[in-house]
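Below is one structure; the comments refer to it alone.
Quick caveat, the model's predicted, so the values are computed rather than measured.
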Amino acid sequence: MQAYYDARETQPAEERERLLFQRLPDALERARTGAPAIARQLRGIDPASLDCRQALARVPVLRKSELLQVQHAARIAPPGTTVDAERLRVFGGFSTVGWGEARRVYASPGPIYEPEGARPDYWGFARALHAAGVRPGMLVHNCFSYHFTPAGSMMETAAHALGCTVFPGGVGQTEQQVRAMADLAPQAYTGTPSFLRIILEKADEMGVALPSLRLALFSGEAYPPSLQAWFRDRGIQGFQAYGSADLGMVAFETPAREGLVANEDLILEIVRPGTSQPVPEGEVGELVVTTLNPDYPLLRFGTGDLSALMPGVSPCGRTNLRIRGWLGRADQTTKVRGMFVHPEQIARVLDRHPQVGRARLVVSGEAGHDVMTLRVEAGAALDVEAVAATVREQTKLRAVVEVVAAGSLPNDGKVIEDVRRYD
């Protein structure tokens, strides 16, 4: 049985990096021509100069909230009269394809609209299915939704690319799912782990055995070790994949069970929340992705999800970067005394005081009596009054500045922590 989806999974990491940044300038030049929003993001930057990670860090991060705003602003314009005008109106200038070129269009909460191109395995999940053990000739029972969001199509097109047949189970109708599994005997399941557990528990209740099901690829939910053990006890090897409607498949689990391996054809970074600045390897921050997808080319797209890069190479032999998986949300905006406080504001405080290392704004107190404490890792010589003044300048709120020992703040990506009590 072929261990790897293709030879790229085991190429030397340095070679992959060289090839990615060799391809990036041409991809961005094409994107700049066909996607006006990318041209705006690149304003004043020559794509040919983006030949390494340090150079790429000069490009501002585009966060999901900004993508939503741009799309919404474009959609309130008068309807277009041509395919190109309609493409710009619907996708806000981020897509290079429109009606007739895109096979489908999907809607994510917001709504944000995403095109699906006509290329086989457009979303890139075939690599994850293969790592989970799915092979040509299998039947895959797909329990992701086929409506509005692309999750159902993500798994179906991946299974087709592997040479598999798909049963479009969709969501709900648990008893019918059990009956279809009993009749068709699928070898693999795709969907959320919680729904498969519901199906299996319903099968137990109905007295129906489902011995054929041995593989699963999960997404859309956390997959903790306890749930992994529950499926393993049922004879099912379940793996997880992380992706989004904007980017497709970003990273996937392998039999090594050590983090998630990044997909090919994308550049993955971890940045300090609220900034465009990459953090050192191992530090938790926001996952930012640049994709070489020619139909929907997103440049330094901030997912809003927290993760961290893992050192070294996966024991499975795949050489791409690894992340620790989903570790929470990066948008930690909170309201204090009627004012919104954003991670970006705390980042600007740190920019003004470079002698500060890691920092965390802790919001405490009871309802109506908010207290802000900025805990900073710094030496005893730090001018805490100056830092407090900068906090007030940036947030219009007073804060106590507390110096703590280096390395004492948790490495969890939190810039703002709300510990207020509301009971």
Side-chain angles (χ1 to χ4, degrees), residues 53-66 269-288 300 302-309 324 327-422:
R53 289 180 181 270
Q54 291 80 4
L56 184 61
R58 303 201 320 266
V59 179
V61 169
L62 168 75
R63 291 191 160 82
K64 197 156 190 163
S65 59
E66 297 172 77
E269 303 172 87
I270 304 291
V271 308
R272 197 173 307 283
T275 77
S276 296
Q277 187 60 43
V279 300
E281 182 182 89
E283 186 166 335
V284 176
E286 182 181 6
L287 183 66
V288 168
R300 297 204 83 200
T303 63
D305 292 330
L306 294 175
S307 194
L309 292 176
R324 285 172 52 192
L327 300 177
R329 291 292 296 169
D331 184 5
Q332 299 152 33
T333 298
T334 190
K335 185 176 279 190
V336 182
R337 300 174 219 152
M339 302 280 289
F340 281 109
V341 181
H342 305 273
E344 293 91 335
Q345 293 169 309
I346 307 306
R348 289 196 290 269
V349 172
L350 301 188
D351 287 342
R352 291 272 292 275
H353 302 277
Q355 63 271 48
V356 174
R358 192 177 292 153
R360 174 179 300 218
L361 183 72
V362 179
V363 184
S364 59
E366 299 177 356
H369 300 280
D370 301 331
V371 177
M372 292 201 322
T373 303
L374 182 65
R375 294 177 180 158
V376 298
E377 295 181 1
L382 179 71
D383 186 343
V384 294
E385 292 185 3
V387 177
T390 306
V391 174
R392 186 173 183 182
E393 176 188 317
Q394 293 295 329
T395 68
K396 313 305 178 189
L397 297 165
R398 288 187 177 88
V400 176
V401 177
E402 177 184 325
V403 178
V404 300
S408 62
L409 293 178
N411 178 23
D412 57 8
K414 283 189 178 180
V415 176
I416 301 174
E417 182 179 14
D418 191 342
V419 298
R420 286 174 291 192
R421 293 180 56 186
Y422 298 94

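Under the side chain to side chain contact (heavy atoms under 4.5 Å, CB included) criterion, R398 pairs with R337, R392, not counting sequence neighbours. Partners of T275 by side chain to side chain donor-acceptor pair (under 3.5 Å), not counting sequence neighbours: none found. With sequence neighbours excluded, the residues forming a salt bridge (Lys or Arg N to Asp or Glu O under 4.0 Å) with R53 are E17, listed by chain and number. The side chain to side chain contact (heavy atoms under 4.5 Å, CB included) check on L350 picks up V356, A359, with sequence neighbours excluded. Under the side chain to side chain contact (heavy atoms under 4.5 Å, CB included) criterion, A389 pairs with no residue at all, not counting sequence neighbours. Residues meeting the salt bridge (Lys or Arg N to Asp or Glu O under 4.0 Å) test with R300, sequence neighbours left out: E269. The side chain to side chain contact (heavy atoms under 4.5 Å, CB included) search around A388 returns V401, not counting sequence neighbours.
Nearest heavy atom pair, residue V284 against residue I270, reads C-CG2, 4.3 Å. Residues A399 and V391 share a closest heavy-atom pair of CB-CG1, 3.7 Å. Taking both residues in full, the closest heavy atoms of G285 and P273 are given as CA-CD, 4.1 Å, listed atom of the first, atom of the second, then distance.
Of the possible polar contacts, none joining the Q355 side chain to the G379 backbone as a donor-acceptor pair under 3.5 Å is found. With hydrogens and angles ignored, the 3.5 Å screen pairs no side-chain donor or acceptor of S307 with any backbone N or O of L287.
Applying the salt bridge (Lys or Arg N to Asp or Glu O under 4.0 Å) test to residues at least two apart or on different chains, the pairs with a partner in residues 401-410 are R375-E402. Applying the side chain to side chain donor-acceptor pair (under 3.5 Å) test to residues at least two apart or on different chains, the pairs with a partner in residues 277-286 are R63-E286, R272-E283. Residue pairs meeting the side chain to side chain donor-acceptor pair (under 3.5 Å) criterion with at least one member in residues 406-417, sequence neighbours excluded, are R360-D412, R360-E417. Residue pairs that meet the salt bridge (Lys or Arg N to Asp or Glu O under 4.0 Å) test with at least one member in residues 346-357, sequence neighbours left out, are R352-E393.
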**Request:** Let me see the working for M372 and T395 under side-chain contact (heavy atoms from CB on, under 4.5 Å), right down to the final yes or no.
**Result:** CA-CA 11 Å; M372 292 201 322; T395 68; 4.0 Å; yes
**Derivation of the side-chain contact (heavy atoms from CB on, under 4.5 Å) call for L374 and I346** = CA-CA 9 Å; L374 182 65; I346 307 306; 4.2 Å; yes
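At a threshold of 4.5 Å between non-hydrogen side-chain atoms, the residues V271 and S276 do not count as touching. For the pair L361/Q345, no side-chain contact is recorded, criterion being any heavy-atom separation below 4.5 Å from C-beta on.
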